[in-house]
Enquirer: 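Can you keep this structure in mind? I'll have questions shortly.
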Amino acid sequence: MVRLFLTLSPAISRLNIYPGTSILANSYSLRLEKHHKLKTETPTFSLISPSSSSNFLRTRFYSTGTKISSLHRIENSNVDDNLVVLGIETSCDDTAAAVVRGNGEILSQVISSQAELLAQYGGVAPKQAEEAHSRVIDKVVQDALDRANLTEKDLSAVAVTIGPGLSLCLRVGVQKARSVAGNFSLPIVRVHHMEAHALVARLVEQELSFPFMALLISGGHNLLVLAHKLGQYTQLGTTVDDAIGEAFDKTAKWLGLDIRRSGGPAVEELALEGDAKSVKFNVPMKYHKDCNFSYAGLKTQVRLAIEAKEIDAKCPVSSATNEDRRNRADIAASFQRVAVLHLEEKCERAIDWALELEPSIKHMVVSGGVASNKYVRLRLNNIVENKNLKLVCPPPSLCTDNGVMVAWTGLEHFRVGRYDPPPPATEPDDFVYDLRPRWPLGEEYAKGRSKARSMRTARIHPSLTSIIRADSLQQQT
């Protein structure tokens, strides 16, 4: 089944400017000249039929000709506005590609979902996810180009997520991106997945400029950061164990909900039928005076409550008795209330810290898959407004993993010269790709340093922020 959505609103291994900067500058100049001549008419999109391949999973297409202007883009030249970047995202369980123009125009967006695999395995199975990515990546990228009415020769650069994420899945996207960039002599921008979640808000909010705060919440991440400027972040808080999205997913599974859309929407929908104060769950880390998160204990509380009510997860909620359904709804509502209350308490403290560091901040971005939850948005908006800030949430289609956020982040870095030269057209079979499954976004704020995470440092790359700072210092010497 194929569905069309119109979105209304809508690197970095070393991030090095490689030795031989003149080559990069010449490449950049040639591409600016080329795209200054690009046609700017709004493309026409039509719904295409589903793939006849049985291996092509259900795909969602997002296309828009809407041009989004913003204050920080108006400052750029018309030449910059006509840059065109292909973004590729395969960090977890969605295969995504999108084409975005420098002026914020989303020319196309294609996402192939692994919803059936999620339901089959009760979560993300890395090897099966990698195989699913490999089956569809070529078609997803080609569809994104076709729907933008462009070919690879019209692109200015290719942007791709290199981390954090699942190594097996990241590899598929990186291989494809390097293949496109190598065959068509395109610069390549390596993108941090969490930075992309934060920066996509700058695509849709015309007033959002640095510095700003961001809460990034998904199945694998809970991250509070202060964005000083592009590529420069201070980490105020993170999870010491599980992320909120993981807690939603497990709760949905234990309650016998349909998780093909992921657990969050399923729990949110059932919670509307329940009493949010009927089950007494403890708020995690209530007495920890930091901005870190923990959802492992809340998951245990939910599991025990479900066992106490003798709820059988093998019996879908659609087949439950009226009493059984009420019990499930009460647990869902109570869990959601406490899970979000945990977010509220930590965000309130993080805003105070951020204002100490950057008194001029005016916005707080909430992005990532869990940011699609309406209850989350409502509760956090109250906190943000009480602090005299404005809440910025991308539309739901840009909260979950997508190619638009990767393309836009690639554009932001490309403009300031952070990109790599075209890779070779062919690479050896034993080529080692730069993949960063565990890659911090920013440097930890001293007040927010977590002793509970101090032992979890194995195989972690230096943060994006530290890499960019080091490169800036190197260029100055």
Side-chain angles (χ1 to χ4, degrees), residues 91-92 123-124 163-166 192-198 213-226 233-252 262-264 267 281-303 335-336 338-351 353-354 364-373 376 379-380 383 399-401 436-461 463-465:
S91 65
C92 191
V124 180
L166 301 173
H192 191 294
H193 181 77
M194 301 312 293
E195 184 183 37
H197 272 305
M213 265 196 70
L215 170 66
L216 309 175
I217 42 178
S218 63
H221 301 275
N222 260 72
L223 194 59
L224 273 165
V225 296
L226 173 57
Y233 304 90
T234 295
Q235 177 182 297
L236 303 174
T238 187
T239 181
V240 301
D241 43 55
D242 295 330
I244 186 172
E246 157 71 10
F248 267 98
D249 288 343
K250 282 297 189 292
T251 298
S262 83
V267 171
F281 293 133
N282 295 322
V283 179
M285 303 181 74
K286 183 76 174 177
Y287 301 105
H288 290 245
K289 303 304 180 183
D290 57 29
C291 298
N292 294 311
F293 303 91
S294 170
Y295 282 95
L298 181 57
K299 281 169 52 182
T300 300
Q301 293 181 67
V302 170
R303 180 174 55 79
F335 157 75
Q336 180 174 253
V338 172
V340 177
L341 185 57
H342 187 29
L343 291 180
E344 294 175 54
E345 292 180 351
K346 299 300 183 175
C347 284
E348 193 166 19
R349 180 177 293 113
I351 292 172
W353 288 3
M364 178 168 174
V365 170
V366 178
S367 188
V370 180
S372 301
N373 184 299
V376 169
R379 297 296 302 180
L380 290 180
I383 297 295
C399 281
T400 53
D401 293 352
R436 305 185 176 189
R438 297 182 65 190
W439 188 17
L441 178 58
E443 294 296 283
E444 278 189 294
Y445 185 42
K447 288 184 181 180
R449 192 163 289 122
S450 169
K451 293 180 180 179
R453 288 180 59 86
S454 62
M455 299 301 293
R456 300 178 59 184
T457 57
R459 297 186 301 280
I460 292 183
H461 266 82
S463 72
L464 172 68
T465 297

Enquirer: Would you indicate whether the side-chain heavy atoms of T238 and N292 approach each other to under 4.5 Å?
Expert: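 The answer is yes; the side chains approach within 4.5 Å.
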
Enquirer: Just verifying a value: how many Å separate L343 CG and N222 CG, rounded to the nearest 0.5 Å?
Expert: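 Here the rounded value is 6.0 Å.
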
Enquirer: What's the shortest heavy-atom distance between V370 and S218, and which atoms?
Expert: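 What the structure gives for the nearest pair is CG2-CA, 3.9 Å.
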
Enquirer: Would you give the length of the straight line joining atom NZ of K250 to atom CZ of F335, rounded to the nearest 0.5 angstrom?
Expert: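 Answer for the NZ-CZ pair, K250 versus F335, is 11.5 Å.
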
Enquirer: Does any part of the side chain of E345, heavy atoms only, come nearer than 4.5 Å to the side chain of M285, both counted from C-beta?
Expert: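 They are not in contact (no side-chain heavy atoms under 4.5 Å apart), so the answer is no.
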
Enquirer: Counting C-beta onward and ignoring hydrogens, is there a side-chain heavy-atom pair between N373 and V340 closer than 4.5 Å?
Expert: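 Sidechains of V340 and N373: no contact.
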
Enquirer: Looking only at heavy atoms, what is the nearest atom pair of D249 and G264, with distance?
Expert: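 Nearest pair, atom of D249 first, then G264: OD1-N, 3.9 Å.
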
Enquirer: Within the structure provided, determine whether D290 and K346 are in side-chain contact (heavy-atom separation under 4.5 Å).
Expert: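 Yes, close enough: below the 4.5 Å cut-off.
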
Enquirer: When the ring planes of H221 and H193 are compared, do they come out parallel, tilted or perpendicular, using 30° and 60° as the limits?
Expert: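 Rings of H221 and H193: tilted, as their planes differ by 30° to 60°.
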
Enquirer: Can you find a heavy atom in the side chain of M364 that is under 4.5 Å from one in the side chain of L215?
Expert: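 Counting from C-beta outward, M364 and L215 do come under 4.5 Å.
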
Enquirer: Among all residues two or more places apart in sequence or in another chain, which pass the side chain to side chain donor-acceptor pair (under 3.5 Å) test with Y233?
Expert: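 Testing Y233 for side chain to side chain donor-acceptor pair (under 3.5 Å), a comparison that skips the adjacent residues, returns E195.
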
Enquirer: Quick one: does H197's side chain get under 4.5 Å of D401's, heavy atoms only?
Expert: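 Side-chain contact under 4.5 Å: yes.
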
Enquirer: Parallel, tilted or perpendicular: which one describes the rings of W439 and H192, with boundaries at 30° and 60°?
Expert: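 Because their plane-to-plane angle lies in the 30° to 60° range, the rings of W439 and H192 count as tilted.
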
